[in-house]
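Reading through the structure tokens given below for one structure.
Below, chains carry the letters A, B, ... as their sequence lines are ordered, and counting in each starts from 1. All values below come from the heavy atoms of this structure, side chains included, with hydrogens, waters and symmetry mates left out. It should be emphasised that the depicted structure is a prediction, and the values quoted were computed from it without experimental measurement.
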Amino acid sequence: MSIRLHDSLSRELRPLQPSHPDGVYRFYNCGPTVYAPAHIGNFRTFVVNDVLRRLLELEFGPARVKHVRNLTDVDDKTIRRAREEGRPLAVVTKQWTDKFHADCAALNCLPPHVEPTATGHIREQVDMIDVLMQKGNAYRAPDGSVYFKVGSFDGYGRLSRVKERELQLGSALAGKPQAADADEKEDVSDFALWKAHKNEDGDNAWDSPWGRGRPGWHIECSAMSKKHLGDTIDLHTGGVDLLFPHHENEIAQSECCNGVPFARHWYHSEHLLVDGKKMSKSLGNLYTLDDLVAKGFSPMALRYALLAGHPRKQLNFTLDSLHAAEKALGTLRSFRASLAPADGDEQAFAAVHAALDDDLNTPGALGALFTVVNRGPAGVSLAAFDRALFAFGLKLDAPAALKVETPAAIQALAEKRWAAKQAKDFAAADALRKELTAAGWSMLDRRDGYSLEPAKK
RNA sequence: GGCGCGGUAGCCAAGUGGUAAGGCCGAGGUCUGCAAAACCUCUAUGCGCCGGUUCAAUUCCGGCCCGCGCCUCCA
């Protein structure tokens, strides 16, 4: 059974197979820009890519998958943030890189095998730009910036079906101000490979044959992909918003530089919507993982919710979906607890893996999983269940939610109620339960004791 | 204006040319004094609207309406 995945370039389902003689599947996933905490939309893409990574490992073996995901640690946003905070760029990006790693770990995402940074690959980027200059695919503008000449690459626009970035009448762009560097470019479609140093860049500049400056955004992925995976890779992924211009530009740069096809397969996950709209600060509908944890949800519930929609369809995120996820996870937990460690049907979850292998149909797979769960634990292999859970990356033993200190007054009420119950003074016990409920706490009785939790909203 | 995606039960969401997976919510039940948990049962003659093709369409084709995304930094 091979994995079939939609290819954004050919727009069809194509099987995933390693193309290099060593049998290692080369997988590049565009990573985050580290200037702020990633939001849950970012994490949708990273979680989806993590499932993909897991499927590849299941298919080819863990040693036959090389997963690279970059960190963009120098660009307009990171530099602006550092300037605003009066801190060195590296300090700012380190902070948010650490936060990103912590969030990924909480969401049970496997770390990529290589996580290259843009600032760690200046030389490689300069080298590529150099080749593009020599081949006539790039030119130096009067201010010292270097641009890629889009007109020099016939294949430009194949991925996004956007021939040129021409402004058309009626376009959403019409009337909007052009980029500041527009007048330096020979053509509006051209994009920056190297940005000449400006005052606001501060110390964040490197020497190059064209003067001091910093790399453009697009070239970093081309350079890091080339260095760590080679000239032709098996799969390149990212969110749909990267399709144009980022990935289109990567193809142009890499293919003009290397003279061979860049990526054999392209995959783009769709956006997470909140309240029916793309998340944005201005709409006030942006959530980070911490925001949700503060509301009492577990990271695993977020992961589940992110997988509840087809990765190639926009998913409308709601807090309700997190409640549903939390409940579903609980069902999975108790199902697992009811499985006997003895042998069982190893193929019980074949339908789950089939759905996953069929274009990463995570909601279909989740449906198949529960279909098995609903039939009951009899004869189901624990190992097979765990293998299915591994594919989703759902960790059932993750702490349910954040721990909250129980106030002394609440604790005292609970003690009183427990004593009343032991004395079989049920009227008093019920009255105390009401008090606790009114105070926002629920008291859960067991045979041998009780526990307290903040009431679920 | 160009490119792309979608409209399936209260909410979320798969799927198929032959009669609607799954999760949540809700309802009923079993079990514990109650509550919670757990477990069991039930919950769309219907898949945006209008035509067409077909023995048969939610599924194919055409038109329309509505929503979203990209075309500018963006997962």
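Separation of the C1' atoms belonging to B/rA57 and B/rG2 is 32 Å when rounded to the nearest angstrom. Spacing between B/rG46 and B/rU58 at atom P, rounded to whole Å, works out to 10 Å. Across B/rA20 and B/rC42, the matching P atoms stand 16 Å from one another, rounded to whole Å. The separation of B/rC73 from B/rA14, taken at their P atoms, amounts to 30 Å, rounded to a whole angstrom. Comparing B/rG22 with B/rA44, their P atoms are spaced 12 Å from each other, to the whole Å. B/rU59 sits 28 Å from B/rC25 when the C1' atoms are compared, rounded to a whole Å. Going from the C1' atom of B/rG10 to that of B/rC65 covers 24 Å, rounded to whole Å. Nucleotides B/rG15 and B/rG33, compared at atom C1', are 47 Å apart to the nearest Å.
Contact check on A/Lys149 versus A/Glu186 returns a salt bridge, with a Lys/Arg side-chain nitrogen under 4.0 Å from an Asp/Glu carboxylate oxygen.
Here A/Gly367 lies in heavy-atom contact (under 4.0 Å) with a base. Contact annotation for A/Gly41: base contact, defined as any heavy-atom pair under 4.0 Å involving a base atom. Residue A/Asn316 is classed as a sugar-phosphate contact, given heavy-atom separations below 4.0 Å to backbone atoms only. A/Ser269 comes within 4.0 angstrom of nothing in the nucleic acid, heavy atoms only.
For the residue pair A/Glu250/A/His236, the side-chain donor-acceptor check at 3.5 Å is satisfied. A side-chain donor from one of A/Asn249 and A/Tyr156 sits under 3.5 Å from a side-chain acceptor of the other. Side-chain N/O atoms of A/Tyr28 and A/Asp234 include no donor and acceptor closer than 3.5 Å. At a cut-off of 3.5 Å, with distance as the only test, no side-chain donor of A/Glu115 or A/Asn70 sits close to an acceptor on the other residue. Counting only N and O atoms by type, the side chains of A/Ser269 and A/Thr45 include a donor and acceptor under 3.5 Å apart.
In this entry the distance linking CG of A/Asn361 with C1' of B/rA14 reads 6 Å, nearest Å. Residue A/Lys278 contributes atom NZ, which lies 14 Å from atom P of B/rC68 at whole-angstrom precision. In this structure, the CZ atom of A/Arg375 is 17 Å from the C1' atom of B/rC40, given to the nearest Å. For the pair A/His323 NE2 and B/rG26 P, the computed distance is 11 Å after rounding to whole Å. Spacing between atom CD of A/Glu248 and atom P of B/rG4 amounts to 13 Å, rounded to whole angstrom units. Spacing between atom CG of A/Asn249 and atom C1' of B/rC73 amounts to 13 Å, rounded to whole angstrom units. When the C1' atom of B/rC5 is taken as reference, atom CG of A/Leu315 falls 14 Å away, rounded to whole Å. Atom CG in A/Leu366 sits about 12 Å away from atom C1' in B/rC24, given to the nearest Å.
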Revision key, fill the gap. Reading nucleotides 29-39 of chain B from 5' to 3' and marking B where a protein heavy atom lies under 4.0 Å of the base, S where only the sugar-phosphate is that close, and - otherwise, the string is ----BBBSS-S
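Among the nucleotides B/rC12, B/rA14, B/rG23, the one closest to the side chain of A/Lys313 is B/rA14. With B/rA14, B/rC73, B/rG22 as the candidates, the nucleotide lying closest to the side chain of A/Pro363 is B/rA14. For A/Phe370, taking side-chain heavy atoms from C-beta onward, the closest of the listed nucleotides B/rG23, B/rA75, B/rC11 is B/rG23.
Note on A/Arg11: a side-chain N or O is less than 4.0 Å away from OP1 or OP2 of B/rG4.
Counting distance only, with no hydrogens placed and no angle test, the side-chain atoms of A/His310 and the base atoms of B/rA14 include no donor-acceptor pair under 3.5 Å.
Residue A/Val373 is the one, among A/His271 and A/Val373, whose nearest nucleotide of RNA chain B lies closer to the 5' end (criterion: closest heavy atom). Sequence order on RNA chain B of the closest nucleotides to A/Tyr304 and A/His246 puts A/Tyr304 first from the 5' end.
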Practice item. Could you check A/His247 against A/His218 for side chain to side chain donor-acceptor pair (under 3.5 Å), going step by step and ending with a plain yes or no? Key: CA-CA 8 Å; A/His247 289 162; A/His218 310 296; over 6 Å; no
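Using the six-membered ring where Trp is involved, A/Phe43 and A/Phe46 have ring planes that are perpendicular, over 60° apart on the 30 and 60° scheme.
A cation-pi arrangement is absent between A/Arg387 and A/Phe349 under the rule of less than 6.0 angstrom and at most 45 degrees off the ring axis.
Within the 6.0 Å centre-distance limit, the rings of A/Trp418 and A/Tyr450 are counted as a close aromatic pair. Between A/Phe392 and A/Tyr304, the ring centre distance reaches or exceeds 6.0 Å.
With the 3.5 Å cutoff on both pairing distances, Watson-Crick and G-U pairs in RNA chain B assemble into runs of at least 3 at B:1-7 with B:65-71, B:10-12 with B:22-24, B:26-30 with B:38-42, B:48-52 with B:60-64.
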